[in-house]
2 protein chains.
Amino acid sequence: MADKQPVNSLAEQVMARLIADIRGGRLAPGTRLPTEQALTTELGVSRTVVREAVAALRADGLVVTRRGSGAYVADPAAGPFRIASPRAPSLPDILDVMELRLAVEVEAAALAAERASRRQLATIRTAWRAIDAALLRGEGAVAEDFAFHRAIAEATGNDQFPRFLAYLGSHVIPRQSVRLDVDTPAQRRLYLERIQAEHAQIVAAISDKDPSEARRAMRDHLTRSLERYRTLAGGIRNGRR
Amino acid sequence: MADKQPVNSLAEQVMARLIADIRGGRLAPGTRLPTEQALTTELGVSRTVVREAVAALRADGLVVTRRGSGAYVADPAAGPFRIASPRAPSLPDILDVMELRLAVEVEAAALAAERASRRQLATIRTAWRAIDAALLRGEGAVAEDFAFHRAIAEATGNDQFPRFLAYLGSHVIPRQSVRLDVDTPAQRRLYLERIQAEHAQIVAAISDKDPSEARRAMRDHLTRSLERYRTLAGGIRNGRR
DNA sequence: GGCGGTGCAGTTGTCAGACAACTGAAGACC
DNA sequence: GGTCTTCAGTTGTCTGACAACTGCACCGCC
């Protein structure tokens with residue numbers, strides 16, 4: 001009863017097999033993969049199963065099908081990006097993702113400082129005040145914090161930044177609230193206020209249109225956050241180097 | 001003949017319909033979506049089509065199915081990240097992706113400077129020399145250049161960096177070779193040698209375990225590359241701010 | 001009444017066979 | 001030689017059936 005996924009469906013097995021063939025290079029991009037009938041006889045499954053596996057691969061962008069002609073291995077560039085180890089992400093995994101997030105956000109802050117329109121700047125300030133408001137109400141401000149960071153990403157004018165951040169955020173942010181619960185309310189309040197002070201520096205730098213200062217402030221902010229997690233990890237992964 | 005995709009298959013239509021229902025909020029996360037039979041009667045298609053559409057959705061991580069129970073809308077966090085506009089990426093799109101790449105690579109260089117093992121350092125130097133060798137042979141060095149950047153990403157010790165870079169790279173790198181063809185061989189050689197000089201600074205900084213210098217060198221390198229593209233874009237998108 | 005076991009309707013997973021729509025190429029025709 | 005037709009092969013869709021499993025109501029037992 002330890003492992004819960006004994007490869008449930010046949011379709012998944014076939015899919016795994018085909019993915020292995022593609023990623024392993026046995027099926028080069030552009031080549032036609034075996035016909036459905038060939039796969040049914042070779043793998044000993046029904047055509048339904050094969051078709052479902054191929055449909056899944058097509059959804060992942062790994063193959064394209066042409067009716068009457070066959071299914072072809074797509075350009076590998078078409079595949080999506082997934083955070084590694086979607087099941088049971090360990091704390092080291094989360095730290096890795098947070099480092100990636102730091103990289104993107106630091107640059108986002110700088111670009112925002114260069115490019116933010118007045119309207120975008122106002123949105124950032126509003127999001128910042130919303131965190132204040134939540135703190136005054138004595139609440140956590142996870143959602144508000146996320147909105148603040150997203151506002152900065154949107155101010156870059158580059159749609160890739162908010163999109164990627166939203167993707168990363170959905171993997172990282174939820175754990176933060178867990179961490180806060182271990183503190184006493186007083187500690188927690190102090191912690192949140194310090195974070196808000198860091199936020200203030202970021203807002204100031206962006207308002208001043210000072211990219212390098214925005215970079216420094218955002219890096220400080222996220223590095224501290226990262227360090228807090230790293231001490232949590234503690235013995236699990238002490239020195240990586 | 002302008003548009004070539006008149007929504008080929010029924011399965012795709014059903015899939016689009018379901019995606020719209022999910023993203024539109026009509027099917028909240030965790031709720032069960034209609035049974036296959038309900039969908040067949042409602043949409044007037046066979047169960048085969050419905051099953052294929054659901055299989056595609058499951059491959060995209062939008063739904064999970066439980067045999068004997070039903071299909072459920074998955075947590076949106078499970079979905080993969082895709083670069084926007086997979087079809088016909090325009091030059092501004094590429095610039096956006098390159099900015100994202102810059103953000104990640106600058107930080108990767110710094111982390112590599114902090115953490116690279118001797119073995120990883122050696123790999124980086126080898127990759128760098130491979131570029132030299134290709135240049136001496138009078139060839140372009142697109143693959144070697146990519147390997148060089150990947151070696152740095154791997155030296156971070158954080159698996160997310162090389163993974164993400166590989167994903168981005170497959171979207172950005174291929175175009176570089178196109179650009180080079182417009183120059184004369186002499187210009188081209190000069191250009192490649194200058195790039196190699198920039199690479200040398202990066203290698204030196206990482207060898208010296210100097211993160212901030214590594215950041216600067218990598219930022220310079222990629223910013224120049226970005227600028228070259230931006231001038232190409234020219235009138236298309238001149239001032240973004 | 002409470003509680004555990006049993007059976008059943010409902011649902012997804014798989015199989016089998018058939019036909020429609022389309023492709024690519026070989027062969028027929030001029 | 002060039003064009004047209006035909007045809008085997010392939011994917012897309014439909015239909016019907018059965019297996020495997022789930023959730024729940026029902027029933028008997030204590």
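Below, each value reflects all heavy atoms present in this structure, side chains not excepted, and no hydrogens, waters or symmetry copies. Lettering of chains follows the sequences in order, A, B, ..., and the numbering in each one begins at 1.
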Using a strict 4.0 Å threshold on nitrogen-to-oxygen distance, state whether [X] and [Y] make a salt bridge.
{"X": "B:Arg17", "Y": "B:Glu42", "answer": "yes"}
{"X": "A:Glu99", "Y": "B:Arg115", "answer": "yes"}
{"X": "B:Glu144", "Y": "B:Arg150", "answer": "no"}

Across the strands shown, which category fits A:Arg51 at heavy-atom distances under 4.0 angstrom: base, sugar-phosphate, nothing?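 If one applies the 4.0 Å heavy-atom cut-off, A:Arg51 turns out to touch a base.
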Between [options], which nucleotide gets closest to the side-chain atoms of [X]?
{"X": "B:Thr35", "options": "C:dA21, C:dT11, C:dC15", "value": "C:dT11"}
{"X": "A:Thr65", "options": "C:dC15, D:dG12, D:dT13", "value": "D:dG12"}
{"X": "A:Thr48", "options": "C:dG13, D:dT13, C:dC15", "value": "C:dC15"}
{"X": "B:Arg67", "options": "C:dC15, D:dT13, D:dC21", "value": "D:dC21"}
{"X": "A:Arg58", "options": "C:dG13, D:dG12, C:dG24", "value": "D:dG12"}
{"X": "B:Ser69", "options": "D:dT11, D:dT22, C:dT12", "value": "D:dT22"}

Could you tell me the separation between the [atom1] atom of [X] and the [atom2] atom of [N], rounded to a whole number of Å?
{"X": "A:Arg47", "N": "D:dG9", "atom1": "CZ", "atom2": "P", "answer": "15 Å"}
{"X": "B:Gln13", "N": "D:dG12", "atom1": "CD", "atom2": "P", "answer": "14 Å"}
{"X": "A:Leu39", "N": "D:dT11", "atom1": "CG", "atom2": "P", "answer": "9 Å"}
{"X": "A:Gln37", "N": "C:dA18", "atom1": "CD", "atom2": "C1'", "answer": "13 Å"}
{"X": "A:Leu10", "N": "C:dA16", "atom1": "CG", "atom2": "C1'", "answer": "15 Å"}
{"X": "A:Arg66", "N": "C:dG24", "atom1": "CZ", "atom2": "P", "answer": "6 Å"}
{"X": "B:Glu52", "N": "C:dT14", "atom1": "CD", "atom2": "P", "answer": "14 Å"}
{"X": "A:Met15", "N": "C:dG13", "atom1": "CE", "atom2": "C1'", "answer": "16 Å"}

Where each residue is assigned the nucleotide of DNA chain C containing its nearest heavy atom, which of A:Val49 and B:Ala71 is assigned the position nearer the 5′ end?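 It is B:Ala71, whose closest nucleotide lies nearer the 5' terminus.
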First encountered from the 5' end of DNA chain C, between B:Glu36 and A:Gly68: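 Nearest nucleotide further toward 5': that of B:Glu36.
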Can you spot which of A:Leu222, A:Leu165, A:Thr156 makes a side-chain contact (heavy atoms from CB on, under 4.5 Å) with A:Val104?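 Among A:Leu222, A:Leu165, A:Thr156, the one meeting side-chain contact (heavy atoms from CB on, under 4.5 Å) with A:Val104 is A:Leu165.
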Taking every non-hydrogen atom, the tightest pair across A:Met15 and A:Asp60: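 Reported closest heavy-atom pair: CE-OD2, 4.0 Å.
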